[in-house]
Amino acid sequence: MSDTRSAAAIVERCQALYDDLDFNAVRQWKASAPGRKAIGYMPIYVPRELVHAAGMLPVGILGGGDQLEVIQGDAYYQSYICRIPRSTIELGLTGRLDCLDGMLFPSICDVIRNLSGMWQILFKDKYVRYFDVPQNYEDAIGGTFYTHELEVLRDDLGRLRGAPVTDDELNASIGVYNENRAAVRALYAYRSEKPWQAPTSEVYLVLRAGMVLPPEEHTALVREYIAAADSTPRPKRDNARIVMTGSFCEQPPLGLIKSIEMAGCYIVDDDLLLVTRWLQADVPADGDPLVELSRAFLHHSAATAARYDQKREDKGVFLLKQVKTRGAEGVIFAAPSFCDPALLERPMLQDVMAKHKVPYTAFKYAENTGQMAPIREQAGTFADSIKLWSAA
Ligand code: SF4
């Protein structure tokens, strides 16, 4: 039997995966058996089950973070857009994504749409797909459309591997991802219950490891972390419990998450790496897999700025539910600079928070933001004000 690892050892391993912009974990996975393929995907949601069912490794591509110097990528974009497309181009042009046999660009904004077009031009030998999702939530309309989109992707992946992806394979993969989602739900529930035992700077790294590890391995890692984190008591502080939202695409630097925590906030829910929690309920693994995946998307997906709301009254409902169910005392709106989906949604969400007397503060970041002092001061002041109000 292998030794039990400490939470620190698990986090150290996850940090190494996070720091590795050459995706060596993916390269090693591919090299360990002949003919293996890996498919990259951008935030926010793609049905990873289809890639897994084709025997391929789904790989989350989340930009270059704060360690990558963007040189060529800047030439492809104007200055007034977010940073993730530039750093992703940089990763591609510098050969770091050579280990990928294809890329999926989910429908989220014009920037990602344009990036998918650039990818087709720049990397002609790779499979590239712009993956569209429904904006109508009726099974007969949006569901029919989405099932067709899933069918096209499934056929494409089947061609790429040289054999069609079967229903049995898909159902098995749905089961694998149900397990992964259950583990991630347990992790989020644990952090909310004892945020001093599982700080978000660690939870994020554990979650992020799932972007490059096979889901079966990641599920085991998440469960191992929860057990390890719970085994050693850590000091509990009188921090403000907050929900962080708006960070669903370009990722904040790890230092920003640490700064918020050091400033006196416990992050008890967030919308980071949403692909791991987009589907909020188990997907039946014994039916028509594409229909079940479609139903799950239509009826059980996280309602964030990344998902079209059909009615004005739906705005803010999901965020408010996060606040209530996690017992949060406030919201930090943290969005990437120039992120249209997050920043256009923000005033509507703030309006809902104000109506329900939920305190909030807001700022912007870039994945390579280096100056943390202003953010620490702002988050610290916010935490203090929450504590003063709640004491009144
Ligand atoms: S950070 Fe925002 S604007 Fe930029 S690609 Fe992502 S969703 Fe689009």
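Read the numbers this way: they start at 1 and go in the same order the structure lists the ligands and their atoms. Since this is a predicted model, take the numbers as computed values, not measurements.
Remark: side-chain polar atoms of E367 are not paired, donor with acceptor, to backbone N or O of Q251 under 3.5 angstrom. In this structure, the side chain of D22 does not engage the main chain of R96 through any donor-acceptor pair within 3.5 Å.
The shortest heavy-atom contact between P235 and W196 is O-CB, 3.5 Å.
Annotation: cation-pi pair R185/Y188 absent, no NZ/CZ under 6.0 Å from the ring centroid and within 45° of its normal.
Of all protein N/O/S atoms, those under 2.8 Å from atom 8 (Fe) of ligand 1 are C109 SG, and waters are not counted.
A salt bridge links E224 with R5: the closest approach of a Lys/Arg side-chain nitrogen to an acidic carboxylate oxygen falls below 4.0 angstrom. Ion pairing between a basic and an acidic side chain is recognised when a charged N comes within 4.0 Å of a carboxylate O; K315 and D351 show no such pairing.
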